[in-house]
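A short write-up of the structure that comes next.
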Amino acid sequence: MTKQEFVDEVASKSNLSRRDAGAAVDAFLDVVTTALKRRDTITFTGFGKFSTADRAAREGVNPRNPGQKVQIPAATVPKFSAGSQLKSAVKGG
């Protein structure tokens, strides 16, 4: 599903215009991005939790030259943990 298809679904389920639904989706994504940049956690009970995780520096392998080792720097990455209601909805089909 593309972002535009998602906006169309939100518009139809919420009785909003496509423009208003697009603005709502953009606002949601902006709020989540800003919160994760601040290293906050966002929890939607039953749906899931958006958070960040620290990835330690490590040594990797160059895929073009498997004999060459490369250093991968430490990084902060986004993380999503699915909630129980989302898991059971997906599992149940």
*asked:* Is the shortest side-chain heavy-atom distance between Val7 and Val10 below 4.5 Å?
replied: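 Side chain of Val7 against side chain of Val10, heavy atoms only: no contact under 4.5 Å found.
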_For the student: nearest non-hydrogen atoms of Gly60 and Ile72, plus distance_ =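 Closest pair (atom of Gly60, atom of Ile72, distance): CA-CD1, 3.9 Å.
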*Can you measure from OG1 (Thr34) to CG (Asp40) and round to the nearest 0.5 angstrom?*
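Spacing of OG1 (Thr34) from CG (Asp40) equals 10.0 Å.
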Check residues 20-30 and write down every donor-acceptor pair under 3.5 Å in which the side-chain atom is one partner and the other belongs to a residue at least two apart or another chain.
residue	atom	partner	partner atom	Å
Asp20	OD2	Ser17	OG	3.3
Asp26	OD1	Lys3	NZ	2.5

_Residues clustered with Val61, ILVMFWY side-chain links under 4.5 angstrom_ =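 Its cluster partners, ordered by chain and number, are none at all.
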_Hydrophobic cluster of Val70, others only, ordered by chain and residue number, side-chain cut-off 4.5 Å_ =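 Under the 4.5 Å side-chain rule, Val70 groups with nothing.
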Would you tabulate the side-chain donor-acceptor contacts of residues 51-58 under 3.5 Å, counting partners in other chains and residues two or more places apart, or write 'none'?
residue	atom	partner	partner atom	Å
Asp54	OD1	Arg39	NH1	3.0
Asp54	OD1	Arg39	NH2	3.0
Asp54	OD1	Thr76	OG1	3.3
Asp54	OD2	Arg39	NH2	3.2

_Pairs flagged by ring pair (Phe, Tyr, Trp, His ring centres under 6.0 Å) wherever residues 54-81 is involved - sequence neighbours left out_ =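 Pairs touching residues 54-81 that pass the test: Phe47-Phe80, Phe50-Phe80.
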_Once side-chain hydrogen bond (donor to acceptor under 3.5 Å, both in side chains) is applied, what residue pairs with a partner in residues 77-93 remain, sequence neighbours excluded?_
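Of all non-adjacent pairs touching residues 77-93, none passes side-chain hydrogen bond (donor to acceptor under 3.5 Å, both in side chains).
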_Cluster overlap Met1 with Leu16, hydrophobic side-chain contacts below 4.5 Å_ =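 No, Met1 and Leu16 fall in different hydrophobic clusters.
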*Would you say the side-chain atoms of Glu5 pair up with the backbone N or O of Thr2, donor to acceptor, closer than 3.5 Å?*
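Here the side-chain-to-backbone pair exists.
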